[in-house]
Amino acid sequence: MAGNVNEILKKENFTKADIIELLLSRGEEKTLLFKKSAGIKEEYIGNKVWFRGLIEFSNVCGKDCLYCGIRKGNRNLVRYDLSDNEILEAASFAYKNRYGSIALQSGEIESTVSTNRIENLLKRIKDLSKGELGVTLSVGEQTPEVYMKWYEAGAHRYLLRVEATNEELYKKIHPDNPKHSFRRRLDCLKSLQDIGYQTGTGVMIGLPFQSYEDLAGDLLFMKEFNIDMCGMGPYIEHADTPLASHSEKLLPLTDRFDLTLKMIAIIRIMMKDINIVAATALQAIDPVGREKAIKIGANIIMPNITPGRYRDSYKLYNNKPCTDDSAEDCQNCLEARIGLADAEIIYGEWGDTAHYQKRRSGLKLF
Ligand code: SAH
């Protein structure tokens with residue numbers, strides 16, 4: 001059996017069937033897969049990790065995704081919105097600690113007030129860091145004009161997880177209305193890429209109704225779309241969401257964890273030089289989950305630098321780790337942890353990928 005995985009791992013391109021076989025690998029086969037992905041990371045990226053300081057600046061959301069703890073319909077939640085000063089202070093913390101870049105994340109709100117506010121914050125973050133701090137946005141679906149405005153104000157990366165690339169599955173985990181359109185999510189990703197953002201996407205792994213074939217399709221989509229960044233994590237049920245009623249359909253948490261590591265390993269082999277996040281949700285299952293992801297292919301960590309008193313309210317799923325830490329605690333803890341994974345944190349750099357640079361220079365040819 002390991003012979004088969006060995007043969008697959010020699011291929012230049014994987015078919016859907018190949019990926020499914022890799023996702024099902026166990027024992028010796030799985031070790032081969034992880035060895036291969038670790039080797040590719042070492043060759044193309046080096047044993048390095050970059051930080052993106054994560055500021056979860058608001059849990060106010062206009063959407064009602066059936067899996068998400070901050071969905072509009074969840075009334076068991078204190079809603080918060082950081083002040084501009086709190087956001088700028090967190091950005092200054094990242095800059096002073098030489099994080100290289102930050103990520104601003106929130107629920108999904110489309111309004112002129114929110115668009116202008118984010119534009120203004122982007123400019124002020126660029127000012128306070130003399131243009132040095134890179135900024136990733138992760139604030140959901142917006143019009144191309146809004147994406148363009150923010151790009152011009154200084155955002156250069158955007159994370160928009162597609163969540164599931166099989167439209168049937170997407171429809172099972174979202175309400176059936178125009179606010180939760182699969183097509184629009186794809187259109188948004190496309191316009192982000194066209195504008196020039198380094199574009200990141202990803203999916204949740206271990207969702208109810210999800211098959212191995214779906215997961216293989218997700219990886220092929222990311223390759224085909226030519227993403228620059230990938231953020232995938234295990235699905236973890238949240239008690240106050242509709243999807244929690246399907247818990248009996250789920251794989252055990254440890255299997256979802258294992259499957260996520262395999263997904264990370266396979267995408268690293270398929271897309272050798274992209275940025276891959278070691279998702280925080282991994283740590284909700286295994287205390288050293290993120291470090292394990294780094295060993296087998298991930299190269300980005302998003303330390304939470306949201307002011308501590310708000311963290312408890314940005315609960316996307318049960319058992320979210322580190323909600324009572326401060327930003328300083330996070331930094332010390334991560335340095336020790338990444339050392340344990342034998343990797344080195346690179347400070348003071350944006351950490352753009354060779355992939356993005358190649359893609360950009362390719363674009364300029366036409
Ligand atoms: N709303 C913003 C980002 C905020 S949520 C956007 O869509 O761009 C960030 C990510 O958390 C989501 O994309 C989703 O993949 C993940 N998430 C939400 N609920 C989750 C759950 N129950 N388990 C695991 N991940 C979850």
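The chain is numbered in sequence order, starting from 1. In this text, all values refer to a predicted model and were calculated from it rather than measured experimentally. Ligands are counted one by one from 1 in listed order, and the atoms in each one are counted from 1 as well.
- Near R161, meaning under 4.0 Å from one of its heavy atoms, ligand 1 places the atoms 13 (O), 14 (C), 15 (O), 16 (C).
- Residue-ligand proximity, G140 to ligand 1, at heavy-atom distances under 4.0 Å covers atoms 6 (C), 8 (O).
- Of all the heavy atoms of P234, the ones lying under 4.0 Å from any atom of ligand 1 belong exclusively to the backbone.
- Checked against the 6.0 Å centroid threshold, Y44 and H355 do not count as a close aromatic pair.
- Scanning all protein heavy atoms for the shortest distance to atom 11 (O) of ligand 1 gives L316 CD1, 3.4 Å.
- Looking at ligand 1, you won't find any N or O of G107 less than 3.5 Å from one of its N or O atoms.
- Contacts between E141 and ligand 1, counted as non-hydrogen atom pairs separated by less than 4.0 Å, are absent for every part of the residue.
- For a threshold of 3.5 Å applied to N or O pairs, the pair formed by H238 and ligand 1 contains no separation below that value.
- With a 6.0 Å radius and a threshold of 12 heavy atoms from other residues, nucleotides or ligands, K72 has its NZ atom at or below the threshold.
- With distances taken over non-hydrogen atoms, the option nearest atom 13 (O) of ligand 1 out of K315, E163, Q105, M232 is E163.
- In C68, the parts holding a heavy atom less than 4.0 Å from any atom of ligand 1 are both the side chain and the backbone.
- Atom 6 (C) of ligand 1 has its nearest heavy-atom neighbour, among E108, R71, R256, Q142, in E108.
- In the candidate list G202, G69, S106, S106 is nearest to atom 3 (C) of ligand 1, counting heavy atoms.
- Proximity of Q193 to R359: side-chain heavy atoms (C-beta onward) are separated by under 4.5 Å at one or more points.
- Of all the listed residues (M204, R185, E56), M204 holds the heavy atom that lies closest to atom 17 (N) of ligand 1.
- Centroid-to-centroid, the aromatic rings of Y158 and Y147 come within less than 6.0 Å.
- Here the side chains of M229 and I274 are not in contact, with every heavy-atom distance at 4.5 Å or above.
- A donor atom on one side chain and an acceptor atom on the other are not found under 3.5 Å apart for E163 and Y170.
- Residues L189 and F221 are in side-chain contact: their nearest non-hydrogen atoms beyond the backbone lie under 4.5 Å apart.
- Looking only at heavy atoms of the protein, atom 22 (N) of ligand 1 is closest to I236 O, 2.8 Å.
- A salt bridge links D258 to K30: one of the charged nitrogens lies within less than 4.0 Å of a carboxylate oxygen.
- The shortest N or O to N or O distance between Y317 and ligand 1 is not below 3.5 Å.
- By the neighbour-count criterion of 12 heavy atoms within 6.0 Å, atom CG of N177 is densely surrounded, having more than that number from other residues, nucleotides or ligands.
- Residue Y314 approaches ligand 1 through these ligand atoms, each under 4.0 Å from one of its heavy atoms: 4 (C).
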* Test side-chain hydrogen bond (donor to acceptor under 3.5 Å, both in side chains) applied to R52 and T136, step by step -> CA-CA 8 Å; R52 315 270 182 253; T136 306; 4.8 Å; no
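- Neither the backbone nor the side chain of E237 comes within contact range of ligand 1; no heavy atom lies under 4.0 Å.
- Residue-ligand proximity, L160 to ligand 1, at heavy-atom distances under 4.0 Å covers atoms 8 (O).
- The existence of a salt bridge linking K126 and E132 is excluded, since no basic side-chain nitrogen approaches an acidic carboxylate oxygen closer than 4.0 Å.
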